[in-house]
There are 2 protein chains.
Amino acid sequence: MLVRWMGDDPAMTKEDRLGIFIRKLLSHSPLSPDDQQSIRDLPFNIRRLEANEHILREGEKATVCPVLLQGYAYRQKTSADGGRQIVALKIPGDALDFQSLYVETADHSLQALTPVELAVFAIKDFEKLVAPRPNLARAVLVDILIEASIGREWLLNIGRRNALARLAHLLCEIFYRVQQIAQQDVSGFDLPLTQEQLADLLGLTPVHINRTIKLLENAGAVRRISRRLTIGDLGILQQMADFSDIYLHRNTVSAV
Amino acid sequence: MLVRWMGDDPAMTKEDRLGIFIRKLLSHSPLSPDDQQSIRDLPFNIRRLEANEHILREGEKATVCPVLLQGYAYRQKTSADGGRQIVALKIPGDALDFQSLYVETADHSLQALTPVELAVFAIKDFEKLVAPRPNLARAVLVDILIEASIGREWLLNIGRRNALARLAHLLCEIFYRVQQIAQQDVSGFDLPLTQEQLADLLGLTPVHINRTIKLLENAGAVRRISRRLTIGDLGILQQMADFSDIYLHRNTVSAV
DNA sequence: CGGTCTCTTGACCTCTGTCAAGTAGAGTGG
DNA sequence: CCACTCTACTTGACAGAGGTCAAGAGACCG
């Protein structure tokens, strides 16, 4: 069974939909019930975007603080000769732009990978929320630090692993991250990524991604049904990937 | 004239030596005179390490907050097959491990590139310093965010640029960063990096670094005297590198 | 002045990129 | 339900950037 998990049930009440964001923060930082309620009490809008639409453009100044409720998004940078590199992948529950709370100009652009739904807070509201709550301030910081840690692992991945291990590693990471937030078994998880997007995530070309997927498939590490890619054997995949989840910093912070 | 700039004059008084750290923070964040004095009033020790010594090992828990006064340092990660990737380069004035103030376990190791001198604060002292001072807390955060921005640029560099542009880009970045903090002309700046270290910074091999340096030299972009590499023509180098300094976020934060 | 580390160079190899043509799904409209 | 279209995927042949191996030369250090 292939499931394309894109977030919690969209039929929930608007306020309940923030649950996935709070769950994400709790996965790495302790928050009191009062802290959690303060997030739910914050005013926000739901915004829908199509795949590939920009959430924030390089050079712009952000005015809002978006959180991903449904779908996937990414940060990208481009080189002068048109090369595109995806420098971060965001999944449901992730805050998309804590950076803009503290730095004026975006150094990269932020786009929807699939159709997405965002919870959009006003920056000022969010700042007022965090200022008097050290636990929340720390949760924001730890969130930023974990993204930085993932970025370092990607540097190792792209700089020093071959195409096979590189792809396997990315698949492991996505699986772990989605499994952690999904609150359901996603072992039959169906990735919403095209081969071109995988190429831009890994510093490779779409043609080579295609060939590498075939190798993973022959090894039994992944399975494909029509165009949908899913994990076949996580053990094999992890071994091929040289994967360890330490860099995801899951639950490594002491309790409050 | 080749100068190997390694930091401010080591003959200054112990307290004055913190000036380079304060200057670094001021380069991106506003701090009141009182904030600045509060840093100078903090107790700290000077610690010297030889090249390649560990400052913090992957998996360890930090107990101190080190700041680089003299020399260069780096963060590194290694893959299962022994591949080494340097994931961040730190220059004099840089704080080396703000991360450990907020996250328990190091996900990478931190080592001296050259012989270094560190100002070492106790984590508890540093936390007490920052807690009641929002400007300082913000400066720490912005420092973390700028390092993350540099990491994203490195991902683009390693993922999508060829060896020539990749090396040129790194040299531009180091030049800009050193020039910003050095308070003197470093146009004859002599890089303290071996070709093997350059390779580990860029996801290449030492042999290919050697060949690429020769290309840069032939183009007039860099010069070498004996084994020392320096910038010949920054304009040419920047053009070959597809370099823009936006991602360094210099003075992009509004005044207090 | 011998030892060691780094740099240099050539020959060869291979992983990944490029190009180009063909195929297969997914979606749309009739 | 079928034709049509668009996009993504697939495949093969070939090219080339960068890696590997190995030997020698040049610096630096005690």
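Chain letters run A, B, ... following the sequence lines, proteins first and then strands; every chain starts at 1.
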Expected output: side-chain Asp190(A) to main-chain Thr230(A) donor-acceptor under 3.5 Å: no
In whole Å, what is the span from the CD atom of Gln195(A) to the P atom of dT10(D)? 5 Å
Check whether any side-chain nitrogen or oxygen of Ser226(A) sits under 4.0 Å from OP1 or OP2 of dA26(C), and answer yes or no. yes
Does Arg250(A) pair with Asp245(A) as a salt bridge, N-O distance under 4.0 Å? yes
Looking only at atom types and distance, does a side-chain atom of Thr212(B) sit under 3.5 Å from a main-chain N or O of Ala163(B), one as donor and one as acceptor? no
Checking only heavy atoms, does the side chain of Arg227(A) share a donor-acceptor pair with the base of dT23(C) at less than 3.5 Å? no
Answer with yes or no whether Arg161(A) presents, from its side chain, a donor or acceptor under 3.5 Å of a partner atom in the base of dT16(C). no
Evaluate His54(A) against Glu60(A) for side-chain hydrogen bond (donor to acceptor under 3.5 Å, both in side chains), listing each step before the verdict. CA-CA 11 Å; His54(A) 279 263; Glu60(A) 279 183 359; over 6 Å; no
Counting any heavy atom closer than 4.0 Å, what does Arg224(B) reach on the DNA or RNA strands: base, sugar-phosphate only, or nothing? sugar-phosphate
Give the nucleotide from the list dC7(C), dT16(C), dC21(D) with an atom nearest to the side chain of Leu204(A). dT16(C)
Would you please confirm or rule out a distance under 4.0 Å between OP1 or OP2 of dA17(D) and any side-chain N or O of Asn162(B)? no
Rounded interatomic separation in angstrom, taking CG from Leu167(B) and P from dA17(D): 17 Å
Taking only N and O in the side chain of Arg228(B), is any of them less than 4.0 Å away from OP1 or OP2 of dC28(D)? no
For Gly83(A), answer base if it contacts any base atom (sugar-phosphate contacts may also be present), sugar-phosphate if it contacts only those atoms, and nothing otherwise; contact means non-hydrogen atoms under 4.0 Å. nothing
Return the value, rounded to whole Å, for the distance between atom CZ of Arg211(A) and atom C1' of dT10(D). 10 Å
May I have the distance from Asn210(A) (atom CG) to dC9(D) (atom P), rounded to whole angstrom? 8 Å
Identify whether the distance between the nearest side-chain nitrogen and carboxylate oxygen of Arg177(B) and Asp94(B) falls below 4.0 Å. yes
Heavy atoms from C-beta onward define the side chain here; which of dG12(D), dG10(C), dG18(D) lies closest to that of His208(B)? dG18(D)
Separation of dC15(C) atom P from Leu215(A) atom CG, nearest Å, is 11 Å
Tell me the interatomic distance from Glu217(B), atom CD, to dC7(C), atom P, rounded to whole angstroms. 13 Å
Could you give the CD1-to-C1' distance, from Ile209(A) to dT11(D), as a whole number of Å? 16 Å
Quick check on DNA chain C: between Leu193(B) and Val207(A), whose nearest nucleotide comes earlier from the 5' end? Leu193(B)
Would you say Lys214(B) reaches dT9(C)'s phosphate, i.e. side-chain N/O to OP1/OP2 under 4.0 Å? yes
When the distance from CZ of Arg166(A) to P of dC15(C) is rounded to whole Å, what number comes out? 13 Å
